[in-house]
Amino acid sequence: MAAATDDAGDSNEMIRVVSSDGEHFEMPEAAANLSLVLRHMIEDDCADAAGIPLAVVAAKPLAKIVDYCTKHAAKSSGLTIEEAEELKRFDAEFIEVDTDMLYDLLVAADFMGVEGLSKLAVQRTADLIKGKTPEQNRETFGIVNDFTPEEEEEICKENEWAFQITKPPSRLC
Amino acid sequence: MTSISDLPPELLCLIAGRLHTAVDVVRFDAVCRAWRDTLHAMPPPPQQQPPPALLPWLVAPTSDDDDTAAAGVACRCVFSKTSYHAPGLCVQDKRVAHADGTGSWFINGLFVNPLTAMTDTDASRYPWDFIDREGFSQRIVSGDGTFLVYRLEDTYGSLSLIGESWSLYVREGNWVEKTLGAADGYYVVVACHGGAILCADLANCYIYKKELPWHYHTTFMPLPDEPGKVRQRSYLLECRGELLLASVLQDAGCTDDDDRLSVSVHAFDVDAALHALNPDSAVDHNELRAAPVWEKRDDVLGDHVLFLGFPGSFAVEAARFGGDVPGGGAYFVVKSEPCRVYKYSFEDDGAAATLVETLPAGWNDERCMWFLPEPVIAGISASTKMQQVGRHWSFWERPRRRRPRNLRFHVGRLSPTVDSSRLREMYSKHGKILLN
């Protein structure tokens, strides 16, 4: 399975990467350079035909990341206003994922050192947290409440105001 | 199954760092242990960067109307659209405006956090009974820590400011008595700056400085002219060591209260003003025209956001809100039933202020105070001693807790043959290793 390479910019060198579950991907060098880890590997001449193994990134998120890097590398410098807008739209659509994928992207982007994607995923997660009660956040992210009842009571007492506030119906997603 | 709560702590820190409203942070703290621990492990901001702050809240003045007062003092965050009624503080306006943007109630000599009812002062340092008895109903703390309490007194159609000030808890014997002339007390704001006490109404700025022999005269400077506009409100605030006058203006000829509003900012050079006003300096006034008293500042406030309120206002570096609020703007409350919050951007020259929110029903007094909320996140309060003031003003102590911090290392340029067990081996002599 190979990523789209049509709009790859002017670098014609293709970089191969291998996911933790053995799937092969390739992307232009300019796209791979957006990942700090891949860039260092390329500089150290570790990128060969066998592909760079990414031991903690599974195929599903890797496909997304290759997609993200390819798109962003193709439009990296000298953006017109329309292109910047388009990239913004791409990002907004790109990050509309479920929380499992969001988790994978957070971890993988952090591991691979893809700064733009890392920021995008962090902001998306924060946006999902905003405006929710603790219970709604647990539901959204599949988190088990591991506080003892005493601890919970203490937490509520510390900032009673935050749990008693009046608020219009929250924007649920 | 993986979930966000399994994220490594440093990623959770990044996520928590994107939350800028107090209510989101406090609720984040209450989700689970991993999230709670995150807030304890937040890395300090890089040097030379201002510490992050949470978006401000508004607190309404205490209502004269008993029914409204019984419901508690209204607090609202226009950014998260959340409201809260602080219980039991309905007798008299107890607000204190601090120049650093924080706000508190002044209760029994203590500064009490309006949201959490916590206090970090360990003893009653101010003679609150005296302050209450004298009817010093307005309270401000200036940038240099001067605590000024005052009231405005109307005698025979002439307004006076009467007050007392303390610098760093030391009573200075600084009894203030300043005649303001025929000013309208409703529009008077007061500030302390560089040893002087300043009062501004819609036309003049009055200056009181103790050591001046002629202070008992009505010394004032006219406020700067704003051609084609009418000054609706004056605010005084300190920013980067300067005293600023922020004026909410309305285009001349507008009839609606909130039509075509704008804000202008001038730096006020108190020394230059005193020089210009000093009767003795009039002799050689040719060489004394040097420093201008008012200097326009709208164009250099791009990094700051102004929150204009009563009894005090403040400026915050926009970077402290992590980009949630752009710099170069001012937020203020406009009289209406209920009142409305407007925002003016200094960059859109000529554009009018825009409506942020119409406040909930009951917010009919526009003399609201902005403050930066300081919620309690257990163990990370900066103060050595935190106490909560309960409904019966009984105090109990909170233990101070510290948690170990995780350090994160970036190890780069390793040979591809180095795997996690080799890394662990290399670093394990320095402590417990958590590899992600």
Side-chain angles (χ1 to χ4, degrees), chain A residues 36-37 40-41 43-44 46 52-53 55-56 99-100 102-104 106-107 109-111 113 118-119 121-138 140-148 151-152 154-168 170-171, chain B residues 1-8 10-12 14-36 75-77 80-87 113-118 322 360 373 375-378 386 388 398 410 412-416 419-420 436:
Chain A
L36 205 63
V37 166
H40 287 159
M41 300 284 270
E43 282 165 4
D44 294 348
C46 296
I52 300 169
V56 300
T99 50
D100 286 341
L102 189 58
Y103 172 84
D104 289 340
L106 278 164
V107 173
D110 185 52
F111 169 78
S118 220
K119 277 191 179 157
V122 163
Q123 185 62 54
R124 165 74 177 171
T125 315
D127 289 345
L128 286 177
I129 293 170
K130 284 177 191 172
K132 290 202 179 77
T133 62
E135 193 45 51
Q136 287 168 329
N137 268 318
R138 288 184 203 120
T140 307
F141 297 105
I143 294 169
V144 179
N145 180 0
D146 54 1
F147 290 122
T148 63
E151 281 175 317
E152 227 180 336
E154 192 197 341
I155 291 165
C156 289
K157 205 186 279 167
E158 275 170 0
N159 287 294
E160 236 176 326
W161 62 271
F163 304 102
Q164 293 184 344
I165 51 181
T166 50
K167 196 183 158 115
S170 112
R171 43 203 161 112
Chain B
M1 201 192 85
T2 53
S3 96
I4 300 284
S5 61
D6 301 325
L7 281 173
E10 64 275 9
L11 275 176
L12 274 173
L14 286 177
I15 293 163
R18 302 298 311 157
L19 303 175
H20 294 290
T21 66
V23 67
D24 282 336
V25 170
V26 166
R27 288 168 164 193
F28 183 96
D29 187 55
V31 169
C32 64
R33 280 177 198 220
W35 287 29
R36 188 165 169 80
C75 301
R76 176 142 183 104
C77 175
S80 59
K81 313 270 185 244
T82 43
S83 295
Y84 171 65
H85 280 79
N113 183 319
L115 290 179
T116 63
M118 296 290 227
V376 178
I377 305 295
M386 287 293 270
Q388 189 163 27
R398 296 173 39 77
H410 285 279
R413 302 188 75 86
L414 289 167
S415 145
D419 59 11
S420 12
N436 300 310

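Chain identifiers are assigned alphabetically (A, B, ...) following the order of the sequence lines, protein sequences preceding nucleic acid strands; residue numbering begins at 1 within each chain.
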When rounded to the nearest 0.5 angstrom, what is the spacing between CD1 in B/I15 and OG1 in A/T125?
4.0 Å
Shortest non-hydrogen contact from B/L11 to A/L106?
CD1-O, 3.8 Å
Euclidean distance, A/T148 OG1 relative to B/R33 CZ, rounded to 0.5 Å:
6.0 Å
Minimum heavy-atom distance between A/A162 and B/V26, given as atom pair plus value
CB-CG1, 3.4 Å
Drop me the distance from A/D110's CG to B/L14's CG, to the nearest 0.5 angstrom.
7.5 Å
Quick check: do B/W35 and A/I129 have side-chain heavy atoms less than 4.5 Å from each other?
yes
Please determine whether a side-chain nitrogen of the Lys or Arg among A/E158 and B/R36 lies less than 4.0 Å from a carboxylate oxygen of the Asp or Glu.
yes
Would you call A/N137 and B/F28 a side-chain contact if the rule is heavy atoms closer than 4.5 Å?
no
Any sub-3.5 Å donor-acceptor pair from A/N159's side-chain atoms to B/T116's backbone N or O?
no
Testing the basics here: between A/F163 and B/A30, what is the closest heavy-atom pair and its distance to 0.1 Å?
CZ-CB, 3.8 Å
In terms of heavy-atom proximity below 4.5 Å to chain B, should A/E151 be classed as side chain, backbone, both, or neither?
side chain
Student check: side-chain heavy atoms of A/W161 and B/P114 closer than 4.5 Å:
no
Nearest atoms (heavy-atom pairs only) where B/D24 meets A/G131:
OD1-N, 2.8 Å
List for me each residue that meets salt bridge (Lys or Arg N to Asp or Glu O under 4.0 Å) alongside B/R18, sequence neighbours excluded, and say none if there are none.
none
Please flag which part of B/A16 lies under 4.5 Å from any non-hydrogen atom of chain A: side chain, backbone, both or neither.
neither
